[in-house]
Student: 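One structure follows; several queries about it will come next.
Naming: A, B, ... by sequence-line order, numbering from 1 per chain.
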Amino acid sequence: MSTPLAAGPTATPAAPAEAMVELQEVHKWYDQFHVLRNINLRVARGERIVVCGPSGSGKSTMIRCINRLEEHQRGRIVVDGVELTSDVKNIERIRSEVGMVFQHFNLFPHLTVLENCVLAPMWVRKTPRRQAEETAMEYLERVRIPEQARKYPGQLSGGQQQRVAIARSLCMRPKVMLFDEPTSALDPEMIKEVLDVMVGLAESGMTMLCVTHEMGFAKTVANRVIFMDRGEIVEENEPEAFFTHPRQERTKLFLSQILGH
Amino acid sequence: MAAVPRQPDLPPPAAATGALGWVRRNLFDSPLNGALTLLAVYLLYLVVPPFVEWAILKADWSGTTAKDCSRAGACWVFIGVRLNQFFYGFYPVAEQWRVNTCLALLVAFVVPLFIKRFALKQWLGAVLLVVYPVVAFHLLVGGHFGLAHVETSKWGGLSLTLVIAIVGMVAALPLGILLALGRRATNMPVLKALCVAFIELWRGVPLITVLFMSSVMLPFFLPEGMNFDKLLRALIGVALFEAAYMAEVVRGGLQGIPKGQFEAAAALGLGFWRSTILVILPQALKLVIPGIVNTFIALFKDTSLVLIIGLFDLLGSIQAANSDTNWLGFSTEGYVFAACVYWVFCFGMSRYSQWLERKLHTGHRR
C-alpha cells in the first residue's frame with residue numbers, strides 16, 4: 001500500500017526536542033475499514049496544531065485515539081512520555097492530563113455549570129471542594145461567563161455551553177487540549193465567542209490539537225496545519241505556506257472547496 | 001436611517017382564555033366530543049350517586065357487632081372492629097407498640113429528607129439505609145434486650161404489606177441497577193450472560209410461582225435442619241423478582257443517555273464507577289422515574305400475592321375476616337376498604353414521582 005506522504009519528506013518545522021504527544025505509525029480499523037493509515041505526528045510542548053480535511057477523513061478518530069476514546073490497533077501513542085496501553089490506570093492517568101472539547105459540548109445536564117467544572121478535580125484529583133470551586137471560577141472568568149456558574153447547561157446558549165466545556169477541561173489543568181470540531185454545532189453568531197476563548201488559550205502557551213474548519217483560526221493561531229484525507233496525513237505545513245502554496249492535489253481540491261465560496 | 005418602531009405586545013384573544021373558553025376547547029370542540037362529554041356525564045350520574053348513597057349516606061358507622069348494621073348501606077362497623085387486625089395481623093396487642101415505633105422512626109427519618117434546607121441529608125440517608133433496617137428488624141422480631149420474640153407468622157395486615165413492599169423496593173432498585181449495568185457490559189461476556197440469564201429467568205415466571213417455589217419447594221433442596229423463615233424467603237423472592245423488572249427499566253434509562261456523556265466523563269479521567277455513579281446514573285434514573293415508580297406500584301400491589309403462601313398481609317387479613325362466621329356478608333366493605341388503602345399508597349407514590357420529576361428538571365429538555 002502506498003502512502004504518498006508518509007514516505008515523502010515534507011518540510012515540517014524542525015521538531016523541538018520535547019514531544020508532548022507523539023504518534024508513531026498508528027493504524028486503526030473499524031472492522032474491515034482502514035480508518036487511520038500509518039499516522040506519524042509529533043506535537044511539541046506549546047505547539048498548536050490545526051487538523052483539517054473532508055468528513056470521514058479520520059481526523060476526529062485520530063485525536064480521539066490520543067485519549068483512548070478510540071483504540072488504535074497498531075503503532076505507538078506516547079503522551080507526555082507515557083505510552084498509551086490498554087492498562088486502565090494508565091489510560092485514566094493520561095486522560096486526566098489531556099483535556100477534550102467536543103462538538104456537542106457534552107456538558108452534564110444534571111449538574112450546574114460550577115458543578116460540571118469541579119466534578120473531575122474533586123473526584124480524580126481529590127481537590128477539596130472549596131479549592132476546586134475557586135479554580136473553576138477563575139477559569140469561568142477566563143471564558144467570560146462567571147455569572148452563569150449557578151445555572152444549568154440547558155439554560156445556556158450553545159456558545160456559552162461550549163465555553164463552559166472549555167473551562168471544565170481546563171479545571172483539570174491539562175497539559176494538552178484536544179478540540180474536536182468545537183464550533184461545528186454552533187450558530188454562526190456564537191462561533192466567534194468560542195474562537196476568541198481558544199485564541200486566548202493559545203496565547204497562554206497551551207499545547208493544542210484542534211480539528212476545525214475555521215481557517216481564520218488556523219491562520220492566526222496554528223504553528224502547523226495538517227491536512228488529512230482517507231485516513232492518512234496528506235500534507236502538513238506552516239499555515240501561511242499551507243494556504244498559499246498547497247503541494248498536493250487533494251489539498252488544493254479541499255482548499256478550493258472550503259475557501260472558494 | 002429611520003428606525004422601524006417595535007410593534008406593541010397585544011393580549012391573546014379572549015375566546016382562548018377563561019372558564020368558558022376552557023370548556024369549549026376541551027369538552028365541546030366538535031360534535032363527537034360534545035356527544036361523548038354528555039355520555040360521560042350520564043354514566044357518572046348512573047354510578048356516583050348510588051355509590052355515595054351506599055358508602056356514605058346510608059352507611060352504618062358505629063357499633064360493635066353485626067347486629068348494629070342496618071344493611072341499608074355499607075356497614076363500616078365491620079372495618080372498625082377489625083381495624084387492629086387489618087393493621088397488625090396477629091401481632092400480640094401488648095407488643096404492637098414495637099410496630100408503631102418502627103413506623104414512627106421511619107417517618108422521623110424520612111421527613112427531614114424532604115426539608116430543603118436540612119444540611120445532614122446524606123448522613124441521615126445513610127443511617128436510614130444502614131442503621132434503621134437493623135433497628136427495625138430487632139424491634140419487630142424481638143428476642144433480645146428483653147423484647148419478647150414475635151414469630152413472623154404472627155405478622156400481618158398493612159404492617160406486613162409495608163414490610164414486604166419497603167424491603168422489596170429498597171433491595172430491588174440497587175440490585176436492578178447492578179443487573180442493568182451488567183447486562184450492558186459488552187466487554188465482559190460472562191458477566192453479561194449471567195445478568196441476561198438472571199433477568200430473563202425471573203421475568204419469565206409469575207410471581208406466584210416464585211413465592212410457591214420459595215415456600216414449598218425450596219425446603220426440599222436445602223440440607224436437613226437448615227430452614228429459614230418463610231417471610232424471609234418470600235422477601236428474597238419478591239426482591240429478586242422485582243429486581244429483574246427494575247433492571248430492564250434502568251437499562252432503558254441507560255440507553256437514553258447519549259454516548260457523549262460517557263465520553264465526556266471518560267475524557268475527564270473519571271473511571272467506570274465514578275462516571276457511572278456521578279454522571280450516568282443520576283441522569284438515567286431521572287429519565288426512568290415513571291418506569292421505576294410504575295414498578296414500585298406494581299410491587300406494592302403484588303405483595304398481596306403472599307396470601308397464597310399463608311402470609312396474611314392487608315388483603316389476606318381482610319379475607320380472613322370475611323370468613324368470620326359472626327361477620328358473614330360484609331366482604332364488599334372489606335374489599336372496598338382494601339382498595340382504598342392500596343389506592344392511597346399507590347396514588348401517593350405516583351404524586352411523589354411527579355413532584356420529583358419536576359424538582360429534578362434542569363431545563364435541558366425542551
Student: Can you say whether the rings of A:W29 and A:H27 are parallel (under 30°), tilted (30 to 60°) or perpendicular (over 60°)?
Tutor: parallel
Student: Checking heavy atoms, do the side chain of A:F108, its backbone, both or neither come under 4.5 Å from chain B?
Tutor: both
Student: If you compare all heavy atoms of B:A247 against all heavy atoms of B:L179, which two are closest, and at what distance to 0.1 Å?
Tutor: CB-CB, 3.6 Å
Student: When rounded to the nearest 0.5 angstrom, what is the spacing between CD in B:Q283 and CG in B:L254?
Tutor: 10.5 Å
Student: Report which part of A:V124 has an atom under 4.5 Å of a heavy atom belonging to chain B: side chain, backbone, both, or neither.
Tutor: both
Student: Heavy-atom distances under 4.5 Å only: say whether A:R68 touches chain B with side chain, backbone, both or neither.
Tutor: neither
Student: Would you call A:L140 and A:Q148 a side-chain contact if the rule is heavy atoms closer than 4.5 Å?
Tutor: no
Student: Between chain A and each of B:S275, B:A265, B:P282, B:A266, count heavy-atom pairs under 4.5 Å; write down the option with the most.
Tutor: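 Counting heavy-atom pairs under 4.5 Å, the top option is B:A266.
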Student: Go through the atoms of A:L107 and report whether side chain, backbone, both or neither lie under 4.5 Å from a heavy atom of chain B.
Tutor: backbone
Student: Enter the distance from A:I226:CD1 to A:I233:CD1 here, rounded to the nearest 0.5 Å.
Tutor: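 Answer for the CD1-CD1 pair, A:I226 versus A:I233, is 4.5 Å.
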Student: Does any heavy atom of chain A fall under 4.5 Å from the side chain of B:F262, the backbone, both, or neither of them?
Tutor: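 Contact with chain A: none, neither part.
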